[in-house]
Number of protein chains: 6
Amino acid sequence: MTATPTPTGGEPVARHDGRRADELRALDVLPDFLEQPHGCVLWSQGKTRVLCTATVEQDIPRWLRGKGRGWMTAEYSLLPASTGERTQRGVSRGRPDGRTVEIQRLIGRALRAVCDFEALGERTLWLDCDVLQADGGTRCAAITGAYVAAYRALDRFGLSKALPGSVAAVSVGIVGGEALLDLDYVEDSQADTDMNVVMTADGRLVEVQATAERDPFSRDELDALLDLAAAGVGELADAQRAACALPLP
Amino acid sequence: MTATPTPTGGEPVARHDGRRADELRALDVLPDFLEQPHGCVLWSQGKTRVLCTATVEQDIPRWLRGKGRGWMTAEYSLLPASTGERTQRGVSRGRPDGRTVEIQRLIGRALRAVCDFEALGERTLWLDCDVLQADGGTRCAAITGAYVAAYRALDRFGLSKALPGSVAAVSVGIVGGEALLDLDYVEDSQADTDMNVVMTADGRLVEVQATAERDPFSRDELDALLDLAAAGVGELADAQRAACALPLP
Amino acid sequence: MTATPTPTGGEPVARHDGRRADELRALDVLPDFLEQPHGCVLWSQGKTRVLCTATVEQDIPRWLRGKGRGWMTAEYSLLPASTGERTQRGVSRGRPDGRTVEIQRLIGRALRAVCDFEALGERTLWLDCDVLQADGGTRCAAITGAYVAAYRALDRFGLSKALPGSVAAVSVGIVGGEALLDLDYVEDSQADTDMNVVMTADGRLVEVQATAERDPFSRDELDALLDLAAAGVGELADAQRAACALPLP
Amino acid sequence: MTATPTPTGGEPVARHDGRRADELRALDVLPDFLEQPHGCVLWSQGKTRVLCTATVEQDIPRWLRGKGRGWMTAEYSLLPASTGERTQRGVSRGRPDGRTVEIQRLIGRALRAVCDFEALGERTLWLDCDVLQADGGTRCAAITGAYVAAYRALDRFGLSKALPGSVAAVSVGIVGGEALLDLDYVEDSQADTDMNVVMTADGRLVEVQATAERDPFSRDELDALLDLAAAGVGELADAQRAACALPLP
Amino acid sequence: MTATPTPTGGEPVARHDGRRADELRALDVLPDFLEQPHGCVLWSQGKTRVLCTATVEQDIPRWLRGKGRGWMTAEYSLLPASTGERTQRGVSRGRPDGRTVEIQRLIGRALRAVCDFEALGERTLWLDCDVLQADGGTRCAAITGAYVAAYRALDRFGLSKALPGSVAAVSVGIVGGEALLDLDYVEDSQADTDMNVVMTADGRLVEVQATAERDPFSRDELDALLDLAAAGVGELADAQRAACALPLP
Amino acid sequence: MTATPTPTGGEPVARHDGRRADELRALDVLPDFLEQPHGCVLWSQGKTRVLCTATVEQDIPRWLRGKGRGWMTAEYSLLPASTGERTQRGVSRGRPDGRTVEIQRLIGRALRAVCDFEALGERTLWLDCDVLQADGGTRCAAITGAYVAAYRALDRFGLSKALPGSVAAVSVGIVGGEALLDLDYVEDSQADTDMNVVMTADGRLVEVQATAERDPFSRDELDALLDLAAAGVGELADAQRAACALPLP
């Protein structure tokens with residue numbers, strides 16, 4: 001297969017929802033959607049809606065005590081009806097499925113990359129990303145939203161310095177031979193290559209995960225996807241900044 | 001202890017949020033909060049917020065096939081940050097805790113009591129009640145909301161006759177010697193007796209669960225609580241009717 | 001359905017085993033059936049036979065230490081062949097089923113309602129209710145028997161003051177339009193409404209659980225059932241007293 | 001260590017309960033202790049009391065169908081309070097412990113050795129051995145009792161020809177240098193060598209399991225123990241025969 | 001941090017084991033190390049030793065039948081003593097840990113990318129990668145070895161056309177500011193960025209997973225790592241070809 | 001059935017692989033097959049190949065501390081492809097199967113019988129026996145190999161006095177009426193009686209497990225099998241001694 005990525009220039013790409021190849025889905029960001037969690041945002045990107053909450057616990061696991069450093073744990077879950085057809089709960093199977101395990105580890109690594117654990121002190125930051133509605137890109141929306149929830153929770157305790165940098169994520173992919181930004185479910189299921197990119201607000205890479213869903217891909221395609229992702233993360237970082245700047249409740 | 005239930009008459013009771021003894025918390029009912037599930041409502045009663053979804057599956061468990069009857073399953077879950085302090089996910093323990101099991105069984109019995117399984121046909125109705133924020137009375141809000149989600153899901157498939165009656169639930173309790181309607185978390189944790197009542201819209205009882213949290217209670221107290229509950233369920237049934245009557249999306 | 005509860009007066013009800021509507025099944029109470037447990041009774045009520053044992057452990061869970069208070073745990077299990085057709089063991093499924101969880105929680109609440117945990121001191125009271133033969137009403141027989149086993153175990157250690165009151169339970173139900181006391185399995189499976197009532201020996205209510213198995217029920221029916229239950233619990237309390245008064249082995 | 005087994009001759013051995021070295025504990029055999037199981041015996045040997053039940057299911061696991069042969073499954077469990085100090089239930093751990101697994105497999109092999117699966121036909125024979133009180137030798141008592149329960153259950157269905165032979169088991173051991181029959185808990189915990197022997201009524205061996213608990217043992221010791229066991233099994237076989245010959249309920 | 005990747009040119013890098021920056025560890029490839037599995041290779045890369053076996057089952061999961069396509073499953077496990085300090089077995093925890101889940105999914109995706117499931121027909125290809133000794137790069141060695149085991153197993157059944165392409169994997173990373181090929185454990189634990197690259201023998205990408213272990217990384221660093229990896233995979237593909245070409249046992 | 005054991009004398013027995021009745025399979029003993037574990041041997045006996053490793057941990061479980069004694073744990077596992085047809089991993093079922101549990105307990109008892117836990121001190125000795133290829137007799141090969149791995153691991157830490165004696169095991173059985181030493185899989189699956197014997201190098205018995213797979217067996221048969229086993233263990237003890245005497249790596 002010879003893919004022809006066209007992230008810039010050329011004829012406009014016809015996406016099923018009318019977006020350009022390099023266009024994010026509409027963002028709808030509701031900080032403090034719930035009032036009881038320490039930090040909370042309902043992050044909607046198109047139809048994908050992820051409820052991200054952050055909880056600051058004034059303790060750490062026993063084996064970490066006395067080192068002056070904090071700990072962070074991230075969990076991710078799909079609500080059963082989030083996917084249209086109902087998905088079985090993890091608890092009914094007795095354990096999270098492989099996809100969930102993989103996503104939780106990704107979210108954790110992404111957020112840890114920008115966390116200063118000495119500044120956090122001997123506290124645990126719990127991040128929970130619950131997908132209320134899934135339409136592709138849920139793991140990326142979870143990372144982007146989790147940063148906002150984490151920031152607002154820490155800020156409430158005067159600990160915002162524990163997050164000196166910010167992090168956001170976006171999915172990109174090769175669909176029908178073209179590189180597209182922020183795939184929804186329909187596009188994702190047709191993609192030849194699917195990539196999730198986690199970046200800091202200043203443009204450095206935290207995690208790159210590219211997977212050939214059908215045919216293997218070339219270095220040129222990888223490069224085109226990375227370009228698209230960098231631009232998308234820039235826009236997401238702006239939305240994060242705005243949400244973090246809102247006054248605390 | 002001699003309790004003095006005063007559901008009617010006497011001096012107005014001073015509840016910490018200013019409600020009368022026989023007053024429900026403010027209702028905020030958002031049908032179709034999500035667009036992908038077959039039926040959905042975000043049911044808020046005070047700070048308690050439960051996302052109820054219903055999914056109609058065109059199949060039933062194997063051992064039920066060929067009998068022309070349907071099946072219903074209800075699941076309930078607390079989001080980890082719903083309770084202020086973070087609650088561990090069931091999947092992390094490998095199984096639902098005892099309280100969750102008990103609540104799921106209660107929700108299932110409540111909805112089955114008003115379901116006509118012949119009219120449902122060989123289909124499964126999945127009800128999912130996910131508590132986004134918990135401030136007391138979550139199992140009752142889950143029942144009341146699940147009915148709305150179920151009705152709207154069935155209606156979409158032309159199957160509303162499978163729910164010929166409606167059902168709603170409310171908690172009541174003896175707090176400081178007085179019978180109160182619709183306890184929030186603070187009241188619930190101080191209650192001597194706690195009762196959940198599930199009733200049909202026409203005032204018949206589906207389930208009564210009364211528990212002495214501290215001292216045992218008398219028949220008089222039980223009667224006072226049942227009176228309060230009956231009035232509360234009446235108001236909830238009105239809100240359900242309004243939500244069910246909205247046009248389908 | 002219009003039920004006609006007739007707990008008192010009217011024509012005698014024809015029950016399949018010849019009992020009156022307000023008649024308990026025959027009791028057969030064997031304290032100290034085993035000699036090794038601290039407290040033990042084989043409680044038989046008709047064909048329902050529950051082996052109740054109580055163990056006093058001179059320790060409490062770690063998180064409770066230093067508060068001068070005790071702890072109690074109740075477990076319930078059906079022996080596989082107890083039900084005629086063989087029931088799978090919980091251990092083969094890896095966890096107790098929902099019904100078992102619900103019953104264990106009920107037994108625990110019932111016994112805690114009459115336990116003085118300060119008088120118990122920093123000890124754990126383990127209650128085990130193993131149903132050797134099941135013919136309806138096993139959870140109620142378990143509560144009634146567990147009280148006897150608990151009392152005798154505590155008495156052996158000079159701790160009977162930790163159980164200042166007593167508690168017993170009985171099932172009642174509406175069968176064929178009539179309110180009946182102490183349902184056996186055949187009656188239970190035909191009941192429109194099924195209720196378990198836990199009461200103290202002095203007639204106060206500890207727990208009321210009424211469930212519409214078919215049609216919802218009315219307040220009048222609820223009242224008739226409560227009357228029946230109160231009388232039944234009185235008789236059970238007498239049998240408990242006699243068993244507790246036997247000399248220790 | 002030089003052990004001096006003296007199963008026959010020599011000075012009488014002083015056992016803590018006054019038995020001779022070659023003497024079984026007192027047997028108390030109660031067939032039909034419960035009335036609902038297909039076959040049942042409460043087998044007591046000293047303080048060890050095992051409730052054995054047998055259930056005949058008119059079906060076999062799917063993968064065995066169509067071969068005209070039956071199936072047998074044996075389960076073993078200690079009631080929590082059976083051991084004086086409370087033992088945790090298998091279901092609380094989520095799985096049977098290693099000792100239970102080993103015992104269940106032993107019981108199954110013992111009974112299968114005397115079962116004619118063609119004569120059983122496409123049925124499953126469930127054997128459940130629940131130890132009500134444990135004072136050593138529970139696995140052997142379970143085998144001996146399970147045979148009686150199995151025979152009576154099969155006989156009720158006219159299937160006694162599926163058990164053409166009988167099987168019984170007894171423990172023996174070297175304690176303080178002497179070979180002893182039918183160890184109780186105190187003796188068992190002092191034994192240097194512990195052996196369980198499963199034999200048919202006509203004196204052939206089905207299973208021999210000898211274990212050095214402290215020092216290894218010699219061939220002479222093994223021989224002395226086998227002699228003791230053979231005599232003990234003979235007495236147990238007589239008791240089984242008597243129990244099997246009782247008229248069915 | 002400003003990393004200075006030097007995969008080509010410049011002063012030779014001093015690695016602790018004396019390798020050049022772009023040098024693989026010594027390969028030791030033992031096909032048919034065991035004789036019973038359908039396909040088998042003991043793949044050693046430095047001290048990392050992975051036993052890869054492949055089993056061809058003449059059946060597929062039920063839900064896939066009748067579509068004329070095959071199925072593949074990959075499992076990965078560390079032997080407890082493989083890591084020097086003993087690692088707990090997955091079975092002792094009751095489930096594979098998160099890292100194992102992630103690796104199994106990676107191996108599966110890698111091999112599926114070069115498998116023709118129509119050519120495989122309705123068969124299941126089981127791939128088992130058991131790490132006998134772990135010294136970094138085990139997931140990559142598992143992929144590279146699994147291909148050889150799979151090829152030899154399929155070849156034995158005349159099904160080698162089901163693997164029309166080949167796939168291999170290698171780890172690369174930034175250590176002390178330099179890009180290095182095929183990290184061992186010591187290097188891996190010091191790496192700032194760690195990347196696993198899965199490629200086909202003809203140089204196309206199947207999977208790229210780059211993770212910032214400490215500071216985020218730049219596009220230039222990513223590019224330098226990809227260059228290194230491409231060269232390393234070329235050498236591995238040669239070793240695979242040689243192993244696959246050996247006559248079948 | 002009348003078996004005619006002929007371990008010595010008479011016509012030579014025709015075994016399918018040409019061995020005499022009293023002949024072990026060919027031994028291939030590779031100490032230090034891996035270099036990272038504290039002690040390691042790849043023990044091959046015919047096609048049966050077991051990788052045995054031993055790890056010395058400088059700690060013991062918490063509840064054992066302060067008594068000056070050590071602890072030992074043995075684990076056993078079949079690699080999935082070890083058996084020709086693939087065997088499911090224990091971790092996929094969530095727990096070890098019954099056979100594995102039984103074998104782990106046997107290995108543990110065998111090694112504990114020759115271990116001096118005071119000499120070991122407050123350390124844990126982990127023994128892992130992973131069957132790479134299974135062709136009968138894996139539990140016996142695991143015991144024999146585990147002793148070598150344990151000795152070499154302890155010797156490395158100057159703790160060889162914690163293993164004052166040695167232990168080895170061999171399987172024997174009655175096949176076609178003849179007593180045979182060291183059964184392979186084909187013989188084992190045809191055996192009427194199967195016996196595993198664990199002995200010390202000086203000829204004392206540690207464990208005897210004899211099982212009638214088809215017909216019960218006689219005392220004479222048992223004696224013939226014990227004679228065969230004693231000779232076989234003598235040869236295995238020689239091989240162990242040679243492997244233990246090799247210089248440490």
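Chain naming here is simple, since letters A, B, ... match the order of the sequence lines and numbering starts at 1 in each.
Contact annotation: the side chain of A:F217 approaches that of E:V208 to within less than 4.5 Å [non-hydrogen atoms, C-beta and beyond].
In this view, E:W126 satisfies the ring pair (Phe, Tyr, Trp, His ring centres under 6.0 Å) rule with no residue, not counting sequence neighbours. Residues that satisfy the side chain to side chain donor-acceptor pair (under 3.5 Å) test with A:E207, not counting sequence neighbours, are A:R109, A:Q209, E:T211.
Both the backbone and the side chain of A:R99 come within less than 4.5 Å of a heavy atom in chain E. Neither the backbone nor the side chain of A:D202 comes within contact range of chain E; no heavy atoms are under 4.5 Å apart. Contacts between A:L106 and chain E at a heavy-atom distance below 4.5 Å are absent for every atom of the residue.
The pair E:R219-A:D227 meets the salt-bridge criterion, with a side-chain N (NZ, NE, NH1 or NH2) lying under 4.0 Å from an Asp/Glu carboxylate O.
Residue with the most contacts toward chain A among E:V101, E:L226, E:L205: E:L205 (heavy-atom pairs, distance under 4.5 Å). Comparing A:D97, A:D223, A:T200, A:N196 by heavy-atom pairs within less than 4.5 Å of chain E, the highest count is held by A:D223.
Distance check, rounded to the nearest 0.5 Å: CD of E:E213 to CZ of A:R112 gives 10.5 Å.
By the 6.0 Å contact criterion, CD on E:E85 is open, its count of non-hydrogen atoms from other residues, nucleotides or ligands being 12 or less.
Residues E:R95 and A:P96 approach most closely at NH1-CD, 3.0 Å, considering heavy atoms. Contact record, A:P216 with E:R204: CB-CB, 3.6 Å, taken as the closest heavy-atom pair.
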